[in-house]
There are 2 protein chains.
Amino acid sequence: MASSLDEVARQAGVSPATVSRALRGVGRVSEATRARVVSAAAALDYVISPAASSLARGTTGTVGVVVPYVERWFFATLISAAERVLREAGISVLLYNVGDQEGRARFFHELPLRRRVDAVLVLSLPLSASEVDLLRDLAVPVVTVGLDAPGTDCVGIDDHAAATSAMRHLLHLGHRDIAFIGEDTPVPLGFTTPLRRRDAYRDALHEAGIADGALEVPGGFTIDGGERAMTRLLSGHRLPTAVFVASDEMAFGALRALRRAGLRPGRDISLIGFDDHDLADVLDLSTVAQPVLEQGKAAAQILLRRVRGDPDEPSRTVLDTHLVLRGSTAPQREAAGEHD
Amino acid sequence: MASSLDEVARQAGVSPATVSRALRGVGRVSEATRARVVSAAAALDYVISPAASSLARGTTGTVGVVVPYVERWFFATLISAAERVLREAGISVLLYNVGDQEGRARFFHELPLRRRVDAVLVLSLPLSASEVDLLRDLAVPVVTVGLDAPGTDCVGIDDHAAATSAMRHLLHLGHRDIAFIGEDTPVPLGFTTPLRRRDAYRDALHEAGIADGALEVPGGFTIDGGERAMTRLLSGHRLPTAVFVASDEMAFGALRALRRAGLRPGRDISLIGFDDHDLADVLDLSTVAQPVLEQGKAAAQILLRRVRGDPDEPSRTVLDTHLVLRGSTAPQREAAGEHD
DNA sequence: CTGAAAGCGCTTACAG
DNA sequence: CTGAAAGCGCTTACAG
C-alpha cells in the first residue's frame, strides 16, 4: 500500500507531472490520458501524500479551530456546524481546546498552528491584544465567533439587543427587583459578550427608572458557578423576584439552587437564561435563543472563502436572536417579593 | 518570517544536519554548538515545517479522532479529555465528526485520514466489519472507546454490569413493572453498548421472575427520541411504575414527556438514566455514572504509547461505574401502579 | 561531534 | 497536451 505518484506514472505510462495534473484536474490533460491515469491510480490504490503535496504547494488543506471548552454545549455545537462545512469542502480540522490558563498560555507560546494551517477559526475564545497579534503573525485568515478581534472576520449576535429583550420581558411581567448573574471579572480584550449582556441589564434597569436596584452576581458561565450565584442571591438580604442569567448553563445551576431551596421557578422566582441550550426546553427555562449552528456554519463558510483567496475587507456577520418563553418566567405576584 | 532550517544553519555557522539534530535533541551535538543553534533559531523565529519534517520522517505528529456527534455531552467530554492528553504530548488532533449516514459513508470511502495521521482514536462510533478493515488498512494503531473492534485497543465500561446495577436498584425499590428505553434497531458490528444494556434489562427481569414483563421502546439515544419513547409508554395500555433509560439524554427527554403529562418523576413514576451527564444532577435524575473523562484520557494515553512504538498485544481497559441516586427514583407505592 | 548527499513525494514554471 | 528538471524543507544513514 501507500504507492507513490511515480508508480502511478509508470503504470499509466506518463510522467509524474501529468499524473499530478490529471489527478487534480488542473492544466491541460487529454481525456484519454486522464482516464488512464485515474484507472492506474485506482488500481494501485493511490493516495496522495498530504505532506509532500503540502510541502510543494505551500498550503495545507487544513484549518485550525481554537475553542475554550469543547465539552460545553455551546462550543461543541459551534464546532459541529463548522467542522461539517469544512469537512464537506475537503478541508481537515485541527482542534485546539485551550480553556484553562496554562493550556492557553502554552498554546499561544508554542503556536502549534504555525505552518500547519491555511486559516484559523476562533470560537469565543477571549483574546488579548497580544494574542490577536500572534494570530495575525500566522499570516493566514482568521475568523472569529463571538469576539471583536480587529482584522478578523467576525460572526456573532447583538448581545446588547438580545439581553435587552430578556430584560424587557421581565419588566413587562411586572418585575422590578431583578438580579443579574453573569461575569464581572476583567475579561480579555475583545470578549465583550459578558459585558454587553451586563450593560444591557443595567441599561434596561436604568430605562425603567430602577437603576439603583442593580444586583449583580458573578457566575463564571458554568453550571456550578450559576448555582453558587443563585445561592448567594437566596441568602442575601434582598431577594429578587426575577433573575436574568447570562447563559443557560448558569441558569441550570441556578435552577438547581432553587430546587435545593425548595423554590419553584416561575412561581416563586422568575428566571430567564441565554442561549436556548438543548436542555432549556427540558428544564422549562425561558431564554434568549441564539442561532449557534448558524454561527458555526457562517464562520466556516467565510473561512472557506478566505482560504480560496477572497480579498475583501474583514466582514462582520450579525445573526438574529429571539425570545423563547417557557415556564420559568411568570408575572410578578402582587403581594410577594417585597423584602426591603 | 517562516525562515528555513538552512537559514538557521547559515546563521549559526553549522550544517543543516546539525541544526536538525540540535533542535530535536537527537544524535551527538556539543553543548556549545547546540546553544549557538538554539539562539540562531530563536533570533530568526524559526519554526519547523511540519510538512517537510513529516515527509522526511514518515510520521505526522498527528492523530485522527473520529466521533459520531461532537455536540453531545458524552462525546464532547471524551474529546476534551483525549485532546488534552494529546496536546500536552505535542500531538495535533484532527477531528472527524461523522454521525450522519452520508458523512460517515463518505468518510470511510475517502478516508481522509490516509497518510495524514500516526494513529486513530474512535470514540463510540459504531463500526461495521468492513469499516474496521478499512481502518486497519491505514496501518496505524487504532484505539477505540465503547466498542469491541477486533485488533484495536479498547477502552470502555462493563455495560451489562452497570445496567444491572440500575435494574437492581429499581427492583429493590419494589418495582416490578419496569420499562426500558434504549435502542433495538440493528446496530453495526462491535457497537454493543445498547444491546448490552438491553440484555441486562432482560436478564434482570428474568432473574426477578418477571421475564414476561419486558416492555421495550426505542429512543435513539437522543433527547427527542427519549421524549417520544416516554410518550409512547404513557399512552400504552400498561403504565410501568419505573423506567430504565439507557442514556441520560434520552432520560432528559423522558422527563420532559413526564412534565408535559403532569407527572412527577420519583413520585408518579421512577426513572433512572445512564451516564451521569453534567445536568443529571440539575434534573435530579438517578443514573449510572460512567467515568467519561477517564475513558477519554485512558484512550489517549494508550494511543500515545502506541505512537511511540509500544508493540504489546491489543489491550482492553474496563473502567468502573457506580450508581448515583437522586430524586427520580423512589419506592414503588403499594396501592398505585396496578394497571393490568 | 559534524557535514555532504541522497531522499521523502509532490508541484510548477518552462520548453516543446 | 506532455515531460524534464528544479524545488519545497526537512531527516538520516554514511563518512570522517
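On a predicted model such as this, the values are computed, not experimentally measured, just so you know. So you know, we letter chains A, B, ... as the sequences are listed, proteins then strands, and number each from 1. Side-chain atoms are counted along with the backbone in the values below, which use heavy atoms only and exclude waters and symmetry mates.
Counting atom types as modelled, B:Arg21 pairs a side-chain N or O with a base atom of C:dG3 as donor and acceptor under 3.5 Å.
Between B:Arg305 and B:Asp312, none of the side-chain N atoms (NZ, or NE/NH1/NH2) sits under 4.0 Å from a carboxylate O, so this pair counts as no salt bridge. Taking the charged nitrogens against the carboxylate oxygens, A:Asp148 and A:Arg316 do have a contact shorter than 4.0 Å, which makes a salt bridge. Salt bridge present: B:Glu31 and B:Arg34 bring a charged side-chain N and a carboxylate O closer than 4.0 Å.
Smallest separation of non-hydrogen atoms from B:Val132 and B:Pro150: CG1-O, 4.0 Å.
Between the side chain of A:Arg87 and the main chain of B:Tyr96, no donor-acceptor pair closer than 3.5 Å is present.
For A:Ser20 and C:dC10, the shortest distance from a side-chain N or O to OP1 or OP2 is not below 4.0 Å. Considering only side-chain N and O atoms, A:Arg36 lies nowhere under 4.0 angstrom from the phosphate OP1 or OP2 of D:dT2. Between C:dT12 and A:Arg24, a contact under 4.0 Å exists linking OP1 or OP2 to a side-chain N or O. Within the structure, a side-chain polar atom (N or O) of B:Ser15 is placed less than 4.0 Å from OP1 or OP2 of C:dG3. At the phosphate of C:dT2, OP1 or OP2 sits under 4.0 Å from a side-chain N or O atom of B:Ser30.
Using a 4.0 Å heavy-atom cutoff across all strands shown, A:Thr33 reaches sugar-phosphate atoms only and no base atom. Using a 4.0 Å heavy-atom cutoff across all strands shown, B:Val26 reaches no nucleic acid atom at all.
We find that CZ of A:Arg116 is positioned 13 Å from P of D:dC10, with the value rounded to whole Å. Here C:dG9 presents its P atom at 12 Å from CG of A:Leu55, a figure rounded to the nearest Å. Atom P of nucleotide C:dG3 and atom CZ of B:Arg10 are separated by 14 Å, given to the nearest angstrom. Distance CD1 (A:Ile48) to C1' (C:dT11): 9 Å, rounded to an integer number of Å. Taking atom CZ of residue A:Arg114 and atom P of nucleotide D:dG9, one finds them 16 Å apart after rounding to whole Å. The separation between A:Glu31 atom CD and D:dC1 atom P is 10 Å, rounded to whole Å. Atoms CG (A:Asp6) and P (C:dT11) sit 11 Å apart, rounded to a whole Å.
Across the interface with DNA chain C, nearest-nucleotide mapping of B:Ala56 and B:Arg34 shows B:Arg34 to be the residue nearer the 5′ end. Place B:Ser53 and A:Arg28 on DNA chain D by their nearest nucleotides, and A:Arg28 ends up nearer the 5' end. Nearer the 5' end of DNA chain D, as judged by each residue's closest nucleotide, is the contact made by B:Ala51, out of B:Ala51 and B:Thr18.
For the pair A:Pro126/A:Arg104, a side-chain contact is recorded, criterion being any heavy-atom separation below 4.5 Å from C-beta on.
Using the Watson-Crick or G-U wobble rule with both distances under 3.5 Å, C:dA13 pairs with nothing in any strand shown. When both distances must be under 3.5 Å, the Watson-Crick or G-U wobble mate of D:dA4 does not exist.
Distance from the side chain of A:Leu5 is smallest to C:dC10 among D:dC10, C:dC10, C:dT2. Residue B:Arg57 has its side chain nearest to D:dT11 when only C:dC10, D:dT11, D:dG9 are considered.
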